[in-house]
Structure formats: structure tokens, C-alpha cells
Amino acid sequence: MGTLIARNHDEIDQLRRLGERDYVEFTIAGKNKPQKVGNLTVELKGINEKRSQFSVAMTAEDRRIEKKNRNMNEPIFFYLSGTKIPEELVNQQARQRHRQRLRQHPKANSQSQPTSTSSSGK
């Protein structure tokens, strides 16, 4: 489960070549502006640049999950119904003007659920 975490775009490409998981890069436009990424809605609640922490709210399958004061590059694991392998959300960087996130999900989960395209944040 999530032992390899990419910290930049080049490392994401290396992990993609391994082929174990699907990766979706996206950028959140601002605080309290929900963004749809596949079947997940992600909303940034707050950023603490000094401590490299962030707070986020995720909505999937009519369930809302809030995670507060998480560190950068700390994976957030969550399960969707009908899957035994967790999905992951990793925050790569957070600044007041630029927020970049990475969503990872196992190949087994992606076969049962459609993936959608999202904006790429480099």
C-alpha cells in the first residue's frame, strides 16, 4: 500500500512506467472551490505554508471525508464501495497561489470504475 510516493512530475512518470497504479495529476484553483476528479470531489479547506500542512474535504459516493492539518506528501487513504484496495490522495505542494495534488488508484479499481481526464498541474 503506497510505499512509493512521487514528489514531483518526473517521479510520477517513473511510477507510471511501473504500471501498478493509475495516476491523475490535478491542480486546485483555490480555497473552498470544489473540483471533480473522476468520481471524487476534492475541496481545499486551508493551507499552512509555514508548517507545510493542508486541510482537505473529499466527497465520494455521497460521503464526505475531512482531513485536517495533513503534511505535504502524506498519503490519505480511503475506500470506495465495492473495492478492497484503497485509493490514495497525495498533496505534492501547497502555496497560496498554486495547489497541486495527485490521485492514485490501483489498476484493479480502475477497471471497475471509469476514469476521467483532469487538468494537469506541473
- Item | Rounded distance [0.5 Å steps], CG in Asn39 versus CD in Glu87 | 6.5 Å
- Non-hydrogen atoms of Leu44 and Ser55 that approach each other most closely: CD1-O, 3.5 Å
- Note on the structure: For Ala57 and Arg64, the nearest pair of non-hydrogen atoms, with its separation, is CB-NH2, 3.2 Å
- Task: Identify the two heavy atoms, one from Pro75 and one from Arg70, that lie closest to each other, and give their separation to 0.1 Å.
- Result: O-NH1, 4.2 Å
- Query: Are any non-hydrogen side-chain atoms of Leu89 and Met58 less than 4.5 angstrom apart?
  - Reply: yes
- Backbone N or O of Arg51 within a donor-acceptor pair of the Asn48 side chain at under 3.5 Å? yes
- In short, Tyr79 meets Pro86 closest at the heavy-atom pair CE2-N, 3.6 Å
- Query: Looking at side-chain heavy atoms only, is the closest gap between Pro34 and Val42 below 4.5 Å?
  - Reply: no
- Query: Rounded to the nearest 0.5 Å, how far apart are CD of Gln35 and NZ of Lys33?
  - Reply: 11.0 Å
- Using a strict cut-off of less than 4.0 Å between a Lys/Arg side-chain nitrogen and an Asp/Glu carboxylate oxygen, indicate whether Lys36 and Glu43 qualify as a salt bridge. no
- Would you mind reporting whether Asn73 and Val90 have side-chain heavy atoms less than 4.5 Å apart? yes
- Message: Evaluate Asn32 against Lys45 for side chain to side chain contact (heavy atoms under 4.5 Å, CB included), listing each step before the verdict.
- Response: CA-CA 6 Å; Asn32 296 323; Lys45 300 305 273 180; 3.4 Å; yes
- Query: Atom CD1 of Ile76 and atom NZ of Lys67: how far apart are they, to the nearest 0.5 Å?
  - Reply: 7.0 Å
- Message: Looking at every heavy atom in both Phe54 and Asn91, which two are closest together, and how far apart are they?
- Response: CD2-ND2, 2.9 Å
- Query: Does some side-chain heavy atom of Leu80 sit less than 4.5 Å from a side-chain heavy atom of Glu61?
  - Reply: yes
- Task: Identify the heavy atoms of Phe78 and Ile65 that sit nearest to each other, and give their distance.
- Result: CB-CD1, 4.1 Å
